[in-house]
Amino acid sequence: MSMKRAQKLVVELSVILLALIVSIPLYLIAINAFKTHKEIVKNPLKFPSFEAGFENIVNAFEKMDLIKSYGVTFSIGAIALVIAVGLGALAAYAVARIKHKFFGSLYWVYTSAILIPIQSALIPVVFLLKDLHLQNTILGISLMYAAILSPFCIFMYAGFMRALPYELEESAYLDGCSTTRTFFQIIFPLVLPVTASLIIVQFISVWNDLLLPLVVLNSTDNPTVSISLYKFFGGRGLTDLSLLFGGIALTLLPIMALFIGFQRYFVKGLSAGAVKG
Amino acid sequence: MQKRMFITGIFFVAPITIILAIFLFFPILQSVYYSFTDWKGVGGYSFVGFSNYLDIFNDESFTNALKRTLLIGIAAAVLTNLCGLLFALMLDQALKTKSLLRALFYIPNVIPIVVAAFVWRYMLDANSGLLNEWLSKLTGDRIAIPWIDSPDYVVYSIIAITVWQMWGPIMIIYLAALQGIPQDMKEATMIDGASKWRRFISLTLPMIAPGITVNVLIGLANGLRIFDLPFALTGGGPAGSSETLAVKIYRYAFSSTELSLGLASSFVLTICAMVVTFFFIAISRQYEKGVM
């Protein structure tokens with residue numbers, strides 16, 4: 001028994017070591033945000049002496065116009081996800097629960113759309129947005145994200161909904177419930193965990209995306225967080241590391257808070273849909 | 001009843017299908033159509049047959065980008081799955097620190113690529129980077145490998161960073177699949193006295209097969225369309241040596257004279273994604289059939 005316990009300890013220690021190694025970039029961000037440029041250059045891994053205090057973060061905040069980019073990015077994510085998750089759940093219910101060839105093949109259409117790279121549609125979409133007067137608007141880019149993200153939402157929802165017992169709906173139908181009411185009152189509350197994880201995972205992917213804002217939005221009118229960061233780094237090089245690390249810490253903060261706060265949803269949702277689907 | 005349900009179903013799928021049709025399916029068809037013309041975005045156009053395709057395949061920077069993209073896609077899919085599965089197997093041992101470790105492994109996935117690109121650029125710098133400094137200390141020699149600034153290394157650096165960035169979700173899916181293996185089956189093989197490796201091959205692997213399929217598809221899909229990382233890390237350089245198809249398409253799209261080349265390239269990318277994916281699905285179907 002003690003042999004086994006020792007073995008387990010070795011495994012645990014090696015996993016911890018591995019986890020620490022892969023977290024070095026995160027560690028660098030966390031400590032260097034509180035160091036002066038000189039300190040960083042001298043010894044990047046050393047724990048900060050807090051000589052710089054919060055100065056880096058305050059400096060970066062003043063230079064980056066972050067409030068605006070936070071607002072823009074948040075609005076895009078919110079609109080895109082309401083559409084992708086809300087309409088995606090509706091569609092998933094039909095393809096997962098209605099036994100008909102049409103819906104069966106539609107499921108495969110949605111699923112194969114996950115694998116299509118957005119670049120395949122990108123150039124015509126840019127011109128389409130122009131024609132619709134949606135170019136350089138938050139609504140336009142949000143609709144694009146909704147189209148990109150919804151196939152995966154449908155795939156996850158459908159996988160989860162298929163695993164629900166049919167008795168649930170049958171009793172509802174016997175009570176005279178319509179399909180629509182059954183969906184909203186019985187099915188949708190049951191898939192809330194998937195909804196939560198989809199929202200979080202996809203929100204982060206919108207928050208971090210670089211390609212679409214680069215192509216569709218004008219970075220002065222509608223800056224997103226990644227574009228602001230990209231411009232912020234691009235113009236500077238490595239001459240003022242303390243300011244750069246301050247800027248990084250500042251943009252990472254909301255994402256990390258979101259991640260730590262909702263960690264269990266990441267785990268639950270990803271596993272629920274993908275394995276059963 | 002059946003008919004009413006069918007009609008309700010149509011109402012359920014219609015809204016998102018319309019959005020998908022307008023912003024995804026229809027533009028893809030348009031993209032294919034225009035790739036056979038000399039369309040410049042505005043004004044008229046005429047058909048030019050396969051001339052755009054001949055142009056891009058005669059352009060070495062394009063064929064190199066194509067090969068590079070396939071390499072990155074396949075390498076990223078294989079390596080992220082190996083790492084993700086390894087981490088999941090280790091975390092599945094009922095460790096005390098499991099949830100903390102799981103979070104640490106997952107975090108690279110939530111760090112914005114722009115940030116990751118900057119921090120890795122800083123760590124992999126040829127002269128002042130941490131990696132070279134550690135390698136120098138380890139070997140005693142002064143090592144100054146240009147991980148990012150040399151065409152010989154940059155692709156491998158991109159693959160490594162991509163793997164680091166993608167293994168989180170993949171690990172989570174494997175963890176869930178592992179936890180789905182019924183306890184009595186595990187115990188039965190243990191009583192049989194099967195070796196660890198044998199147990200892994202004949203019990204664990206078949207049981208998590210659906211998870212493998214999903215994970216490899218995620219890896220391929222993300223790897224083949226990779227844009228953000230090369231763009232933010234090197235801008236495609238040095239001398240185009242880290243340009244992927246997605247970066248190439250972006251460049252074509254922003255030059256009006258080469259717009260139709262961009263369309264042709266995006267169709268090539270779509271075909272690659274499709275072929276690689278269906279090839280893989282066919283293999284995994286065979287495997288799942290064989291073991292179940």
Side-chain angles (χ1 to χ4, degrees), chain A residues 8 11-12 15-16 19 22-23 25-26 28-29 44 83 87-88 90-91 93-95 98 100 103 106 113-125 127-128 143-144 146-147 150 179-180 204 207-208 210-211 226 229-230 233 238 244 248 251-252 255 259 263 266-267 270-271 274-275, chain B residues 5-6 8-9 12-13 15-16 19-20 23-24 27-28 30-31 41 90 93 95 97 101 103-108 110-116 118-120 122-123 130 164 169 172-173 176-177 180 210-211 214 217 221 224-225 227-228 231-232 246 249 253 259 262-263 266 269-270 273 277:
Chain A
K8 212 172 185 180
V11 173
E12 179 140 22
V15 188
I16 292 174
V22 304
S23 306
L26 187 72
L28 277 175
I29 297 168
I83 299 173
L87 301 183
L90 265 182
Y93 181 66
V95 297
I98 300 176
H100 190 283
F103 293 106
L106 205 54
I114 299 175
L115 302 164
I116 297 174
I118 176 60
Q119 285 88 355
S120 331
L122 194 59
I123 297 173
V125 169
F127 288 98
L128 175 74
L143 284 167
M144 283 178 78
S150 57
T179 315
T180 319
I204 288 180
W207 188 270
N208 292 345
L210 197 57
L211 178 61
S226 5
L229 260 179
Y230 179 72
F233 291 147
L238 300 176
L244 290 176
I248 292 178
T251 40
L252 211 51
I255 288 285
F259 173 71
Q263 213 208 111
F266 277 79
V267 178
L270 266 177
S271 25
V275 177
Chain B
M5 225 173 149
F6 184 83
T8 319
F12 276 26
V13 295
I16 199 68
I19 291 178
L20 278 169
F23 289 95
L24 200 65
I28 290 174
Q30 256 186 322
S31 196
M90 293 194 298
Q93 318 265 327
L95 302 182
T97 45
L101 292 172
L104 284 180
F105 283 126
Y106 197 97
I107 281 174
V110 301
I111 297 180
I113 306 246
V114 188
V115 169
F118 168 75
V119 178
W120 281 103
Y122 171 71
M123 286 174 54
L130 283 172
W164 169 81
I172 298 283
I173 292 172
V214 172
L217 288 180
L224 290 173
R225 68 182 70 166
F227 171 83
D228 296 26
F231 191 81
I249 293 167
L259 193 67
L263 292 163
S266 59
L269 176 62
T270 314
T277 308

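Throughout, a chain's letter reflects where its sequence line sits, starting with A, and its residues are numbered from 1. For the numbers below, each heavy atom of this structure counts, side chains included, while hydrogens, waters and symmetry mates do not.
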Between A/I98, A/L143, A/L26, who has the most heavy-atom pairs with chain B when the cutoff is under 4.5 Å?
A/L143
Is A/T180 close to chain B through its backbone or its side chain, or both, or neither, when contacts mean heavy atoms under 4.5 Å?
both
Show the numbers, then the answer: is there a side chain to side chain contact (heavy atoms under 4.5 Å, CB included) between A/F127 and B/L259?
CA-CA 12 Å; A/F127 288 98; B/L259 193 67; 3.8 Å; yes
Would you indicate whether the side-chain heavy atoms of A/V95 and B/F12 approach each other to under 4.5 Å?
no
Report the relative orientation of the aromatic rings in B/Y106 and A/F259; use parallel for angles under 30°, tilted for 30 to 60°, perpendicular for over 60°.
parallel
If one checks every heavy atom of A/L229 against chain B at 4.5 Å, the contacting part turns out to be both
Check whether A/I16 gets within reach of chain B through its side chain, its backbone, both or neither, counting any heavy atom under 4.5 Å.
both
Decide yes or no on side chain to side chain contact (heavy atoms under 4.5 Å, CB included) for B/L104 and A/V22, but give the supporting numbers first.
CA-CA 8 Å; B/L104 284 180; A/V22 304; 5.6 Å; no
One pair to check against side chain to side chain contact (heavy atoms under 4.5 Å, CB included): A/S150 and B/L20. What are the steps and the verdict?
CA-CA 8 Å; A/S150 57; B/L20 278 169; 3.8 Å; yes
Identify which part of B/A273 has an atom lying under 4.5 Å from any heavy atom of chain A, answering side chain, backbone, both or neither.
side chain
Would a 4.5 Å heavy-atom cut-off, applied to side chains only, mark B/L263 and A/P124 as touching?
yes
Among B/P15, B/A116, B/A103, who wins on heavy-atom pairs under 4.5 Å with chain A?
B/A103
As an exercise, state the distance from CG of A/L122 to OG of B/S266, rounded to the nearest 0.5 Å.
8.5 Å
In terms of heavy-atom pairs under 4.5 Å, which option from A/E12, A/H100, A/M144 contacts chain B the most?
A/E12
Note, A/L252 side chain near B/I111 side chain (heavy atom, < 4.5 Å):
yes
Taking the side chain as every heavy atom from C-beta outward, state whether B/F105 and A/V15 have any pair of such atoms under 4.5 Å apart.
yes
Hey, are the side chains of A/T251 and B/V115 touching, using non-hydrogen atoms and a 4.5 Å cut-off?
yes
For A/T179 and B/M5, indicate whether the former's side chain and the latter's backbone hold a donor-acceptor pair under 3.5 Å.
no
Residues B/G9 and A/A94: closest non-hydrogen pair is O-CB, 3.9 Å
Less than 4.5 Å to any heavy atom of chain B: does that hold for the side chain of A/I116, its backbone, both, or neither?
both
Side chain, backbone, both or neither of A/L28 within contact of chain B (heavy atoms, under 4.5 Å):
side chain
Identify the heavy atoms of A/I123 and B/G262 that sit nearest to each other, and give their distance.
CD1-C, 3.8 Å
B/I16 versus A/I83, closest heavy-atom pair with distance
CD1-O, 4.1 Å
B/L224 portion near chain A, given a 4.5 angstrom heavy-atom threshold:
neither
Side chain, backbone, both or neither of A/L106 within contact of chain B (heavy atoms, under 4.5 Å):
side chain
Pair B/L24-A/I118, side chain to side chain contact (heavy atoms under 4.5 Å, CB included): steps then yes or no:
CA-CA 8 Å; B/L24 200 65; A/I118 176 60; 4.2 Å; yes
Distance check, rounded to the nearest 0.5 Å: A/L244 atom CG versus B/F118 atom CZ?
4.5 Å
Report yes if the side chains of B/I107 and A/S23 come closer than 4.5 Å at any heavy-atom pair, otherwise no.
no
Provide the closest heavy-atom pair for A/I114 versus B/R225 in the form atom of the first, atom of the second, distance.
O-NH2, 3.0 Å
With a 4.5 angstrom heavy-atom cut-off, could you sort out which part of B/T8 is near chain A: side chain, backbone, both or neither?
side chain
Could you tell me which non-hydrogen atom of B/F23 sits nearest to which non-hydrogen atom of A/A121, and how far apart they are?
O-CB, 4.4 Å
